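Here the structure is laid out as structure tokens; the discussion comes afterwards.
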Amino acid sequence: MVIVLTEQQNGRFKNATLTAVTVGTQVARALGTQCIALVPGKANDPASLGEYGAAKVIHMDAQSLENVDSKVYTAVISDVAKREKAGLVIVSHTSTGRQLLGRLAVRFRGGFASGVSKVLVEGGKMSITRSAFSGKAIENYVLSGETVVISLLPNASPALKTGTPCPVEKLDIPIPAASVKVREVKRTEGRVPLPEANIVVSAGRGLKDPSNWGIIESLAGALGASIACSRPVADSGWRPHHEHVGQTGLAIRPNLYIAIGISGAIQHLAGVNNSKVIVVINKDPEAPFFKAADYGVCADLFEVVPKLTEALRKAHA
Amino acid sequence: MKLLVCISKTPETTAKVAFKDNGTMYDTAGVTFMLNPYDEWYALVRALELKEKSGGTVTVINVGTTEDDVMIRKALAIGADDAVRVDAAPRDAYFTASQIAAFARDKNFDLIFTGKETIDYNGSMVGGMIAEMLDLPFISYVSHLEMENGITVVTRDIEGGVEISEVNLPMVCSAAKGLAEQRIPNMRGIMTSKTKPLSIIKRVEVSPMIQDVRYTLPPQKSAVHMLQPDQMDELVRLLREEAKVI
Ligand SMILES: Cc1cc2nc3c(=O)[nH]c(=O)nc-3n(C[C@H](O)[C@H](O)[C@H](O)COP(=O)(O)OP(=O)(O)OC[C@H]3O[C@@H](n4cnc5c(N)ncnc54)[C@H](O)[C@@H]3O)c2cc1C
Ligand SMILES: Nc1ncnc2c1ncn2[C@@H]1O[C@H](COP(=O)(O)O)[C@@H](O)[C@H]1O
């Protein structure tokens, strides 16, 4: 069996989860088995996961699973994996998956991989592809062991509806005592969280002053994009730290990354060069970012950005 | 408080990435290494701050070869009290975590820090593995950690926000940006680091879980398509019709 741990936000399954179920189903088919979705906590419509290929949902509707306590989750997931004779367990490469992957790998004593972009099945063997060295290399290896575990990138592949709602089995097993007590969860922004955003507009020191951020907000608004920034911008307090991308900030891989007034230092690129398409707006023709770009505009950002926003609004109208 | 900080080395951020032996090994020729920034800037410095506030000791541990000693001395120069090096070339995260867990098992550390990830292999695995091996609570990507009347309050980064929790020590956490500010070793630190204890210990026998890794370089980007500022309608069209991303 392939088991996928599901995640929800605001009462809906995350896109990362729909992707994980889609990929889990594809791998299961190639292995001649099925994909089971494990749903911890309350859920509105768990059966809908069948539309993405799950053969069955195991729903554990327990209050104590509302927060991700790594010890509790590890115990529960390995219990389910044992019951279902899981050959592969998939978590998403999210804050939840990060709490769990190392623990699960130790439990299963088998192959593991984090931040996987692709799983290939050949001759009954599973191998994975992931990026390493901050996107400067691609790593491949075979996962061996009775049960292996991976964290799958949220946008590893598109979520595909290929099936119909599936049966939901309620599971009620003993849940170990919590090791962590969650006090509160603070959401810091209304937009799509950066790691999940399809489009990201990002700005650097070229903006000169935090009061100039309005043009970035307008562009992001016209695109439905999330906002990011370079490290010096966060360090000087122009923008909150959770928007800082790069080697020491967040690593993201949106479909479209628009870099405005950012030079493209290697440490910045490390966090964004897995983006599908990169647009660079910079007045310096020598800016290293142009080498990593798909489209470039070499001009004053204060002129270009409002024009681009305008062009997008026109195109939408 | 007894604190343990796991420190690893990583290639300088500007180092060239190339592979040898049929793409199975990272080619370290001409590469200079540094302390992994998450370990040095955040994990180690927060551990030192906790010690300065409530007393105790900060030990750093590294799984590595003699080449790592320079880097270990740097951690001592920044302020760690003593260091341990498990004499072995790291194989995979499971191997590394097993070595650290074997050392820490009977030492009663209150807090074990790792960095959130190494910036070369970007695995983000070692911390959770140590926690599982020692049966301790684990929090990843910790951006704040405070002691409040004997309770440890930890903030971790989650998508679009933070989660604040209370945890009883001992625990393991992986350090992310925000946890502390980088410290530059001063002259006195550098001098005393030379005489601080660095013990070299033998590895425990474990087989790695990951073998036969192959590396390739990502395909070259095709040349950038440059546009003029008055061609923004064209850029929008390209993003829509050629790149199909909006
Ligand atoms: C170990 C380490 C880790 C690091 N980690 C990160 C990280 O995670 N993320 C990160 O971003 N950085 C990181 N850095 C810093 C990085 O090296 C760069 O210093 C930083 O990315 C530069 O930010 P910037 O591009 O905003 O600023 P600058 O390098 O100052 O670039 C500003 C750019 O704006 C352009 N510009 C100026 N005015 C205009 C205008 N009117 N119109 C158009 N263009 C204009 C300029 O031509 C220039 O290219 C790290 C550094 C180190 C040593
Ligand atoms: N060889 C090593 N020796 C000591 N600690 C390590 C080693 N490798 C990794 N670590 C620790 O584990 C963290 C996460 O590493 P990784 O799981 O490889 O991304 C690092 O930030 C270090 O704190």
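First the proteins, then the strands, lettered A, B, ... as listed; each starts at 1. As the structure is a prediction and not an experimental result, all values here were calculated from the model.
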- Query: chain B heavy atoms under 4.5 Å from A:Val279: which part of the residue, side chain, backbone, both or neither?
  - Reply: side chain
- Message: Less than 4.5 Å to any heavy atom of chain B: does that hold for the side chain of A:Ile266, its backbone, both, or neither?
- Response: side chain
- Message: Can you tell me which portion of A:Ala292 sits under 4.5 Å from chain B's heavy atoms? Options are side chain, backbone, both or neither.
- Response: backbone
- Any donor-acceptor N or O pair under 3.5 Å, side chains A:Glu7, A:Thr17: no
- Message: I need the minimum non-hydrogen distance between A:Ser114 and A:Arg130, along with the two atoms involved.
- Response: O-NE, 2.6 Å
- Task: Measure from the side-chain N and O atoms of A:Ser70 to the backbone N and O of A:Leu100, and report whether any donor-acceptor pair falls under 3.5 Å.
- Result: no
- Contact class of A:Leu308 relative to chain B, heavy atoms under 4.5 angstrom: both
- Query: Who wins among B:Thr14, B:Asp135, B:Thr118 for the most heavy-atom pairs under 4.5 Å with chain A?
  - Reply: B:Asp135
- Query: Is the shortest side-chain N to carboxylate O distance from A:Glu286 to A:Lys291 below 4.0 Å?
  - Reply: no
- Would you kindly say whether B:Asp39 and B:Ser8 are connected by a side-chain donor-acceptor distance under 3.5 Å? yes
- Query: Measuring heavy-atom distances to chain A, does B:Gln211 have an atom under 4.5 Å in its side chain, in its backbone, in both, or in neither?
  - Reply: backbone
- Note on the structure: Whatever's closer than 4.5 Å to a heavy atom in chain B on A:Leu312 counts as both
- Query: Contact part of B:Thr10 toward chain A, heavy-atom cut-off under 4.5 Å: side chain, backbone, both or neither?
  - Reply: neither
- Do B:Ser143 and B:Asp157 meet the criterion of a side-chain donor-acceptor pair at a distance under 3.5 Å? yes
- Interchain contact, A:Lys71 with chain B, by part (heavy-atom threshold 4.5 Å): side chain
